[in-house]
Engineer: 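Okay, handing you the structure first.
When a residue number appears, it is its place in the shown sequence, counting from 1.
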Amino acid sequence: MPGLPPNMPNPEAIFESWWPIIIGIIGGVAYALRQYMRGARCISELKLEDKVAIVTGGGSGIGKQLVIDLAKRGCKVYTTARNQEQAKATEQDIRQSSKSELVHCLVCELDKFSSVKSFVAALKKKEEQLHYLVHNAGVMMCDFNKTEDGHEEQFQVNYLSPFLMTSLLQDYLKNSTPSRVLLTTAPAYKLGSSTFTDCPPEDKYNTGDAYAQSKLALVLFGVTLAEKLKDADVHVHCILPGVVNTKIYRHLPFRKSAFVAVSFAPFLWFLTKTPDDGAQTTLYALLGVSAGKTTGKIYKECAETEYADIVKDEELQKSLWKQTLEWTKVKEFGQ
């Protein structure tokens with residue numbers, strides 16, 4: 001091409017091939033898809049000085065990102081770990097990441113009611129208020145295990161222990177209004193049935209069904225608690241964080257094989273949210289003005305969404321609440 005400096009590529013020659021255009025389009029589509037998969041983001045810059053929060057399961061995943069974010073906003077945050085060694089390591093790690101000394105980690109094993117009670121007792125020795133209670137920790141599709149309290153593990157960790165912990169902290173929440181309780185659930189709740197048992201026979205145990213039942217129970221709890229506390233300025237919401245690449249999938253078959261896990265890792269990274277992405281809807285429900293004016297809502301991608309029809313069954317809500325009071329041996333709750 002006339003007028004070009006020596007050794008310069010001919011621009012017309014570049015476009016004689018469609019490959020640069022094809023590669024550019026593929027790259028652009030891939031980037032757009034990746035951004036879409038990451039989901040909506042909470043843009044609130046609200047500061048939380050003089051506020052106190054509990055976020056269960058803050059050692060990794062969504063919980064860790066929540067604790068870091070809240071601590072950076074000036075909130076004093078308590079999270080949980082299964083033993084003292086893990087608690088110390090988690091506290092040091094998050095304090096370093098958040099550059100905040102307001103992070104504290106206490107031992108709380110959600111598969112033991114005694115540990116939940118000890119956690120609450122330890123917290124009450126340190127604090128007189130509680131503004132945010134985020135039930136984030138959970139277990140997904142693990143093998144059958146009957147806890148020392150006599151309940152199936154997923155049902156106790158995902159539902160019964162959050163119920164018990166909230167009941168033990170209800171006075172703190174009422175005395176710290178406006179306060180919020182957030183329950184992390186999953187779309188699997190829609191697959192649950194209206195018949196609840198705290199511990200099915202092992203020979204009839206199905207990991208997926210048990211997980212769905214635990215999440216349905218948690219959602220029903222959220223709706224019922226919201227109604228009971230609607231005049232107390234305690235706002236209760238359920239959260240659907242999306243498909244997030246965290247350790248909660250460790251019990252699934254593809255995670256049990258090292259070869260399969262490594263092989264699928266690039267696809268999982270591309271098609272799932274990061275823990276930071278997964279924390280955004282919880283932050284939205286915790287910080288948002290609208291979530292502080294309503295109660296009993298369910299949020300997905302930083303916006304309200306609709307409950308499945310089964311959740312709207314008032315008789316089911318009441319019967320599960322009554323059963324749960326018996327299972328957890330809680331005498332008064334939501335009064």
Engineer: Keeping Thr80 on the side-chain end and Val107 on the backbone end, is there a donor-acceptor pair under 3.5 Å?
Structural biologist: no
Engineer: Should the heavy atoms of other residues, nucleotides or ligands under 6.0 Å from NZ of Lys124 be counted, would the total exceed 12?
Structural biologist: yes
Engineer: Between Val139 and Val116, is there a shared hydrophobic cluster once you connect ILVMFWY residues whose side-chain heavy atoms come closer than 4.5 Å?
Structural biologist: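 Per the 4.5 Å side-chain linkage, Val139 and Val116 are co-clustered.
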Engineer: Over all heavy atoms of both residues, which pair between Thr79 and Val55 is shortest? Give the atoms and the distance, please.
Structural biologist: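 Taking Thr79 first and Val55 second, the nearest heavy atoms are OG1-O, 2.6 Å.
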Engineer: Hey, does Leu168 have a side-chain heavy atom less than 4.5 Å from the side chain of Val330?
Structural biologist: no
Engineer: Does any non-hydrogen side-chain atom of Leu169 lie less than 4.5 Å from one of Leu123?
Structural biologist: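 Yes - at least one pair of side-chain heavy atoms lies under 4.5 Å apart.
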Engineer: Does one hydrophobic cluster hold both Phe221 and Tyr307, with members joined at side-chain heavy-atom distances below 4.5 Å?
Structural biologist: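 Looking at the clustering, Tyr307 is in the same group as Phe221.
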Engineer: For Leu110, does its backbone N or O pair with a side-chain atom of Ser161 as donor and acceptor, under 3.5 Å?
Structural biologist: yes
Engineer: For Gln156, which of Asp149, Asp111, Asn145 qualifies under side chain to side chain donor-acceptor pair (under 3.5 Å)?
Structural biologist: Asp149
Engineer: Should Ile43 and Tyr284 be marked as a side-chain contact (heavy atoms from CB on, under 4.5 Å) after you check the CA-CA gap, both sets of side-chain angles, and the distance that decides it?
Structural biologist: CA-CA 8 Å; Ile43 59 174; Tyr284 178 84; over 6 Å; no
Engineer: Between CG of Leu182 and CD1 of Ile239, what distance do you get to the nearest 0.5 Å?
Structural biologist: 5.0 Å
Engineer: With sequence neighbours left out, which residue pairs that include part of residues 89-105 fulfil the salt bridge (Lys or Arg N to Asp or Glu O under 4.0 Å) condition?
Structural biologist: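 Found Lys64-Asp93, Glu91-Arg95, Arg95-Glu101.
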Engineer: I'd like to know if Leu102 and Val67 are part of one continuous hydrophobic network [Ile/Leu/Val/Met/Phe/Trp/Tyr, side-chain heavy atoms within less than 4.5 Å].
Structural biologist: no
Engineer: Does Gln280 use its side chain to pair, donor to acceptor, with the backbone of Cys42 at less than 3.5 Å?
Structural biologist: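 Here the side-chain-to-backbone pair exists.
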Engineer: Would you indicate whether the side-chain heavy atoms of Val157 and Glu109 approach each other to under 4.5 Å?
Structural biologist: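 No. Closest side-chain heavy atoms not under 4.5 Å.
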Engineer: Run the side-chain contact (heavy atoms from CB on, under 4.5 Å) check on Leu225 and Phe333 step by step: do they pass?
Structural biologist: CA-CA 9 Å; Leu225 183 63; Phe333 188 15; 3.7 Å; yes
Engineer: If you apply the rule side-chain contact (heavy atoms from CB on, under 4.5 Å), what do you find for Arg41 with Asp276, and how did you get there?
Structural biologist: CA-CA 9 Å; Arg41 297 192 67 81; Asp276 177 61; 2.8 Å; yes
Engineer: Taking all heavy atoms of Ala122 and all of Leu106, pick out the closest pair and write down the distance.
Structural biologist: CB-CD1, 4.2 Å
Engineer: Calculate, to the nearest 0.5 Å, the distance between atoms OG and CG belonging to Ser194 and Leu220 respectively.
Structural biologist: 10.0 Å
Engineer: I need the minimum non-hydrogen distance between Glu153 and Asp143, along with the two atoms involved.
Structural biologist: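 Looks like OE1-O, 4.5 Å.
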Engineer: Take atom CG of Asn83 as the centre, draw a 6.0 Å sphere, and report whether it contains more than 12 heavy atoms from other residues, nucleotides or ligands.
Structural biologist: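 Counting neighbours around CG of Asn83, more than 12 heavy atoms of other residues, nucleotides or ligands fall under 6.0 Å, so yes.
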Engineer: Could you work out, with salt bridge (Lys or Arg N to Asp or Glu O under 4.0 Å) as the rule, every residue matching Asp209, not counting sequence neighbours?
Structural biologist: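 Partners of Asp209 by the salt bridge (Lys or Arg N to Asp or Glu O under 4.0 Å) criterion come out as none, since no residue qualifies.
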Engineer: Return the set of residues passing salt bridge (Lys or Arg N to Asp or Glu O under 4.0 Å) with Glu227 (not counting sequence neighbours), or none when no residue passes.
Structural biologist: Lys230
Engineer: Less than 4.5 Å apart, side chain to side chain, heavy atoms only: is that true for Phe113 and Glu148?
Structural biologist: no
Engineer: Atom NZ in Lys331, atom CG in Leu325: separation rounded to 0.5 Å?
Structural biologist: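 Here the interatomic distance stands at 12.0 Å.
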Engineer: Is there a side-chain contact between His104 and Lys76, using heavy atoms and a 4.5 Å cut-off?
Structural biologist: yes
Engineer: Measuring from His235:NE2 to Leu286:CG, what's the distance to the nearest 0.5 Å?
Structural biologist: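 Result: 12.0 Å between the selected atoms.
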Engineer: Is a side-chain N or O of Thr295 found less than 3.5 angstrom from the main chain of Val236, in a donor-acceptor match?
Structural biologist: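 The answer is yes, because a donor-acceptor pair under 3.5 Å joins these two groups.
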Engineer: Other residues, nucleotides and ligands only: do more than 12 of their heavy atoms fall within 6.0 Å of CD on Glu306?
Structural biologist: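 Atom CD in Glu306 is not packed in, count stays at 12 or less.
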Engineer: Do other residues, nucleotides or ligands put more than 12 heavy atoms under 6.0 Å from Lys228 NZ?
Structural biologist: yes
Engineer: Looking at every non-hydrogen atom in both residues, tell me the closest pair between Leu218 and Pro162 and how far apart they are.
Structural biologist: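 The pair with the smallest heavy-atom distance is CD1-CB, 4.2 Å.
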Engineer: Can you tell if the side chain of Thr274 reaches within under 4.5 Å of the side chain of Asp277, non-hydrogen atoms only?
Structural biologist: yes
Engineer: Backbone N or O of Gln154 within a donor-acceptor pair of the Gln213 side chain at under 3.5 Å?
Structural biologist: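 No, the answer is negative, given that no donor and acceptor are paired below the 3.5 Å cut-off.
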Engineer: For the CD1 atom of Ile54 and the CG atom of Leu133, what is their distance to the nearest 0.5 Å?
Structural biologist: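 Going from the CD1 atom of Ile54 to the CG atom of Leu133 covers 5.5 Å.
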Engineer: Just by modelled atom types, is the Ala81 backbone N or O under 3.5 Å from a matching donor or acceptor in the Gln86 side chain?
Structural biologist: no
Engineer: Keeping to residues at least two apart or across chains, list the side chain to side chain donor-acceptor pair (under 3.5 Å) pairs with something in residues 178-188.
Structural biologist: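 Output for this query is empty, none listed.
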Engineer: Under a 3.5 Å cutoff, is there a donor and acceptor pairing between the side chains of Tyr159 and Thr324?
Structural biologist: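 A pair is found: one side chain offers a donor N or O, the other an acceptor, under 3.5 Å apart.
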Engineer: Judged by atom type as modelled, is there a donor-acceptor pair below 3.5 Å linking the side chain of Lys273 to the main-chain atoms of Pro241?
Structural biologist: yes
Engineer: Using a 4.5 Å cut-off on heavy atoms from C-beta on, say whether the side chain of Val134 contacts that of Thr56.
Structural biologist: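 Contact flag for Thr56/Val134 side chains = no.
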Engineer: Do you know which two heavy atoms are closest between Asn136 and Gly57, and how far apart they sit?
Structural biologist: ND2-O, 3.3 Å
Engineer: So, Tyr172 and Gln129: side-chain donor and acceptor under 3.5 Å apart, yes or no?
Structural biologist: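 Note: Tyr172 and Gln129 side chains miss the donor-acceptor criterion.
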Engineer: Ignoring hydrogens and geometry beyond distance, is a side-chain donor-acceptor pair present between His135 and Thr166 at under 3.5 Å?
Structural biologist: yes
Engineer: May I ask you to decide if Gly59's main-chain N or O and Thr90's side chain share a donor-acceptor pair within less than 3.5 Å?
Structural biologist: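 Looks like no, no N/O pair under 3.5 Å.
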Engineer: Determine, using the 4.5 Å side-chain heavy-atom cutoff (strictly less than), whether Leu316 and Val219 are members of one ILVMFWY cluster.
Structural biologist: yes
Engineer: Please evaluate residues Tyr299 and Thr282 with respect to the criterion side chain to side chain donor-acceptor pair (under 3.5 Å), reporting the C-alpha separation (whole Å), side-chain torsions for both, the decisive distance (0.1 Å), and the verdict.
Structural biologist: CA-CA 8 Å; Tyr299 288 89; Thr282 303; over 6 Å; no
Engineer: How far apart are the C-alpha atoms of Leu240 and Thr281, what are their side-chain angles, what is the distance that settles it, and do they pass the side-chain contact (heavy atoms from CB on, under 4.5 Å) test?
Structural biologist: CA-CA 7 Å; Leu240 292 167; Thr281 298; over 6 Å; no
Engineer: What are the two closest heavy atoms between Ala217 and Phe155, and how far apart are they?
Structural biologist: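 So the minimum-distance heavy-atom pair works out to CB-CE1, 3.9 Å.
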Engineer: Under 3.5 Å, is there a donor-acceptor pair between the side chain of Arg82 and the main chain of Cys108?
Structural biologist: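 Flag not set: sc Arg82 to bb Cys108 has no pair under 3.5 Å.
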Engineer: Do Glu127 and Tyr78 get their side chains close enough for a donor-acceptor pair, meaning under 3.5 Å?
Structural biologist: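 Result is yes, a qualifying pair exists.
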Engineer: Could you list all the salt bridge (Lys or Arg N to Asp or Glu O under 4.0 Å) pairs where at least one residue sits in residues 236-246, not counting sequence neighbours?
Structural biologist: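 Qualifying pairs, neighbours excluded: none.
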Engineer: Counting only N and O atoms by type, is there a donor-acceptor contact under 3.5 Å from the side chain of His151 to the main-chain atoms of Asp198?
Structural biologist: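 Absent.
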Engineer: Report yes if the side chains of Leu66 and Leu283 come closer than 4.5 Å at any heavy-atom pair, otherwise no.
Structural biologist: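 Yes, their side chains come closer than 4.5 Å.
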Engineer: What pairs meet the side chain to side chain donor-acceptor pair (under 3.5 Å) rule with one or both residues in residues 309-319, with sequence neighbours excluded?
Structural biologist: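 Found none.
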Engineer: Can you tell me how far CG of Leu183 sits from CD1 of Ile298, rounded to the nearest 0.5 angstrom?
Structural biologist: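 Nearest 0.5 Å value for the CD1-CG distance: 9.5 Å.
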Engineer: Ring centroid separation for Phe163 and Trp321, is it under 6.0 angstrom?
Structural biologist: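 They qualify: ring centres under 6.0 Å apart.
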